[in-house]
Amino acid sequence: MHVLILGGTTEARALAGLLHGKVRVTSSLAGRVASPRLPAGEVRIGGFGGVDGLVEWMAGHAVDAVIDATHPFAERISFNAARAAATAHVPLLALRRPGWVPVDGDDWRPVASLEEVARTLDGLGDRVFLTTGRMGLAAFAACPQWFLVRSVDAPDTPGPARTELLLDRGPFTLDGERELIRHHRIDVVVTKDSGGAATAPKLTAAREAGLPVVVVVRPPVPEGVRTAASPEEAAAWVATRPGASRAR
């Protein structure tokens with residue numbers, strides 16, 4: 001049995017580790033991170049060339065099942081995976097970590113897009129901690145606020161005029177996030193609802209500091225696609241597929 005994992009996330013690496021040695025596993029990484037953490041098993045890096053390219057690759061490599069374990073905001077990849085799997089008649093599962101849930105004391109401002117974030121910032125403060133990654137910075141190009149932009153890799157597109165870049169990779173600690181907010185005199189935090197524990201401490205630090213958090217809500221999983229909330233649940237789904245008992 002050959003399982004294709006569309007990966008790049010912590011959950012995708014964990015799933016590859018669970019399946020490695022039990023079935024053939026190929027993890028596909030988009031190649032947007034310069035030095036990605038590689039999972040167990042076979043790895044390919046780069047896009048497929050859209051729906052048709054993914055269908056062709058699956059047919060040429062005898063893929064028996066696909067697991068979309070990409071970032072919750074990788075909407076285009078997820079859409080292409082759903083279309084390709086349906087076209088190729090290959091079963092598809094979406095592995096999605098649960099989203100964050102506000103608790104008492106949180107001041108969250110949910111929005112639908114980065115462009116809406118830019119419009120929401122007026123009146124919330126002058127110093128913004130932007131934690132949405134290096135993609136999409138152009139949405140803030142006209143914003144007058146000062147931005148602390150945290151990203152794994154340096155942006156390659158224009159962003160806000162007043163910017164300090166912080167290259168770092170999670171997981172982050174609560175003490176570290178508290179100090180970052182204090183040192184940079186942050187007024188507002190901006191994040192996507194990525195979920196998971198690796199970057200959640202910023203939410204606690206913001207709550208303790210009484211800061212508003214502008215949260216971009218995640219897009220829905222493509223209609224009709226089954227979901228799993230953990231690598232273990234996804235591995236259990238693979239175990240139910242025909243041929244799962246035979247590695248090849």
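As the structure is a computational prediction, the values presented were derived from the model and not from experiment. The chain is numbered in sequence order, starting from 1.
- Listed here is the closest heavy atom pair of R134 and D153: CD-O, 3.5 Å.
- Annotation: ring-ring contact (aromatic ring centres under 6.0 Å, His included) contacts of W57 (sequence neighbours excluded): F48, H61.
- For A197, the side-chain contact (heavy atoms from CB on, under 4.5 Å) criterion is met by no residue, not counting sequence neighbours.
- Under a cut-off of 6.0 angstrom, the local environment of CG in D126 is crowded, with over 12 non-hydrogen atoms contributed by other residues, nucleotides or ligands.
- The pair R150-E177 counts as a salt bridge, with a side-chain nitrogen and a carboxylate oxygen less than 4.0 angstrom apart.
- Both V188 and L114 belong to a single network of hydrophobic side chains, linked directly or stepwise wherever heavy atoms of I, L, V, M, F, W or Y lie under 4.5 Å apart.
- Partners of F73 by ring-ring contact (aromatic ring centres under 6.0 Å, His included), not counting sequence neighbours, listed by chain and number: H71.
- Partners of P158 by side-chain contact (heavy atoms from CB on, under 4.5 Å), not counting sequence neighbours: none found.
- By the ring-ring contact (aromatic ring centres under 6.0 Å, His included) test, F140 is found to be paired with F147, residues two or more places apart in sequence or in another chain being considered.
- Pairs of residues two or more places apart, or lying in two chains, never qualify as ring-ring contact (aromatic ring centres under 6.0 Å, His included) while including a residue from residues 80-136.
- For H20, the NE2 atom counts as loosely surrounded, since its 6.0 Å shell holds 12 or fewer non-hydrogen atoms of other residues, nucleotides or ligands.
- Salt-bridge formation is not detected for the pair D187/R185: no Lys NZ or Arg NE/NH1/NH2 atom is positioned less than 4.0 Å from an Asp or Glu carboxylate oxygen.
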